[in-house]
2 protein chains.
Amino acid sequence: MAEPSGTARDPEAVSRFVEHFAAQLVEAGLPRMPARVFGALLASDTGVLTSAELGERLRISPAAVSGAVRYLAQQHMVSREREPGSRRERYRVHGDQWYEALTNREAVIRRWEDALREGVTSLGADSPAGRRLAETLAFFEFMEKEFRALMARWRAEREERFGRR
Amino acid sequence: MAEPSGTARDPEAVSRFVEHFAAQLVEAGLPRMPARVFGALLASDTGVLTSAELGERLRISPAAVSGAVRYLAQQHMVSREREPGSRRERYRVHGDQWYEALTNREAVIRRWEDALREGVTSLGADSPAGRRLAETLAFFEFMEKEFRALMARWRAEREERFGRR
DNA sequence: CGCTTGGTTCACAAATTTGTGAAGTTAAGG
DNA sequence: CCTTAACTTCACAAATTTGTGAACCAAGCG
């Protein structure tokens, strides 16, 4: 009932991919369960799964699902949708949304910048250390600016190659 | 003896910056000790400190220093230098090196791409899930390519603003 | 050659994180 | 209203990670 029966795929193969991909995400710093849940969503045909489906596919408790999706939603890697007229909650990976979230660490970078600015003033802009911090700060500011342009270019290329969503 | 006495700074203020900045890095996924060590190096005037100096400033054991610098060196965030004719080991943050390492997750991305490619074949390039994975893969390939150009632009801007190293 | 200083490795205790079962909460459906 | 389905929250046990002291190693120096 989970997938439109159009494409019957080997669940073994799907699971192998999910676990392998999740392992890479874990290595990159994502907690284990969120990584697996994210992998399962990515590998689902519709890109939407309910909590129950996630728990079943990954063989984890409802509590684990709950924790994982809360984390992912906070990171903007999935969106939750309350299907009206039903108690089922559904989670979705948007084609765009998710990788923006992964790379877009905007908020994180912003806090680094704040800390660096604080450092420059408190160590003195004229001290050698102050200069090093200032340069680092300039780098992040540069990246922040350039990144917007880069994402815009991607959207253009994407639309051209995959069509609009 | 640690710093050239030219700029006498408030060690309190330095420590505050180090801890605050380290906290941000930790939040971004870096382990605690490496983050603190990195902060201490960033905030030092020369950008070079010995193990002993690091241990003293951060109030941590030699073992902790050893572990932290091993980690940082592996991530290419610091380089270790064996000062010839002395047993002292010195650790350095290069102006460039370090932020390239932080952003440049090249190896990580490469492994994501591999996992995604595997997924596309095993789920079928024509299935909806396969198409989603393919699009994700295309995104990372795009980023990888663009990122090189972006770094080149940064080096140019940097040289202009801060002079060559 | 030994002594001594600077670092590394190892085993372990402490702290943190993870995932679970069980109890609690909310709202649909009779 | 009362029942029940679908989560969520909580307390706790298990596993993992962290940082330390202690033993160990390597290289200058006398």
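Protein chains get the first letters and strands the later ones, always in sequence-line order, with residue 1 at the start of each.
- Listed nucleotides: D:dC7, D:dT20, C:dT8. Nearest to the side chain of B:Ala64: D:dT20.
- Between the CZ atom of B:Arg82 and the P atom of C:dT8 there is a distance of 8 Å, rounded to whole Å.
- Between A:Glu89 atom CD and C:dA28 atom C1' there is a gap of 14 Å when expressed in whole angstrom units.
- The phosphate of C:dG7 has neither OP1 nor OP2 within less than 4.0 Å of any side-chain N or O from B:Arg90.
- Here the C1' atom of nucleotide D:dT20 and the CG atom of B:Leu58 are 15 Å apart, to the nearest Å.
- A:Arg80 comes within contact range of the sugar-phosphate backbone alone, with a heavy-atom separation under 4.0 Å but no base atom that close.
- Within 4.0 Å of B:Ser66, counting heavy atoms only, lies at least one base atom of the nucleic acid.
- Closest contact between the side chain of A:Pro62 and the listed nucleotides D:dA6, D:dT20, D:dT8 involves D:dT8.
- Rounded to an integer number of Å, the gap from CZ of A:Arg88 to C1' of C:dT26 is 16 Å.
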* To do: Determine, stepwise, if the pair A:Arg117 / A:Glu141 fulfils salt bridge (Lys or Arg N to Asp or Glu O under 4.0 Å).
  => CA-CA 11 Å; A:Arg117 257 186 285 276; A:Glu141 286 169 345; 3.0 Å; yes
* Given A:Glu118 and B:Arg16, is the salt bridge (Lys or Arg N to Asp or Glu O under 4.0 Å) satisfied, shown in steps? -> CA-CA 10 Å; A:Glu118 178 206 293; B:Arg16 235 189 340 271; 5.7 Å; no
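- Between the side chain of B:Arg87 and the base of C:dT5 there is at least one donor-acceptor pair of N/O atoms closer than 3.5 Å.
- Atom-to-atom, CD of B:Glu81 to C1' of C:dG7 comes out at 17 Å; the value is rounded to the nearest Å.
- Taking every side-chain heavy atom of B:Met33 into account, D:dG19 is the closest of D:dG19, C:dG7, C:dC10.
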* Derivation and outcome, salt bridge (Lys or Arg N to Asp or Glu O under 4.0 Å), residues B:Glu157 and B:Arg161 -> CA-CA 6 Å; B:Glu157 177 163 335; B:Arg161 292 177 54 184; 3.2 Å; yes
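- Residue A:Arg32 places no side-chain N or O under 4.0 Å from the OP1 or OP2 atom of C:dT17.
- Rounded to an integer number of Å, the gap from B:Glu53 CD to C:dG6 C1' is 13 Å.
- The interatomic distance linking A:Arg70 (CZ) with D:dT8 (C1') rounds to 8 Å, in whole Å.
- The side-chain heavy atoms of A:Arg82 and A:Glu89, taken from C-beta on, include a pair separated by under 4.5 Å.
- When each of C:dT18, D:dA6, C:dC10 is scored by its nearest atom to the side-chain atoms of B:Ala63, the top-ranked nucleotide is C:dC10.
- Taking 4.0 angstrom as the limit, A:Ser51 places a side-chain polar atom (N or O) nearer than this to OP1 or OP2 of D:dC7.
- Taking atom CD1 on A:Ile60 and atom C1' on D:dT8, their separation rounds to 14 Å, with Å as the unit.
- With contacts defined as side-chain heavy-atom distances shorter than 4.5 Å, the pair B:Pro34/B:Gln75 does not qualify.
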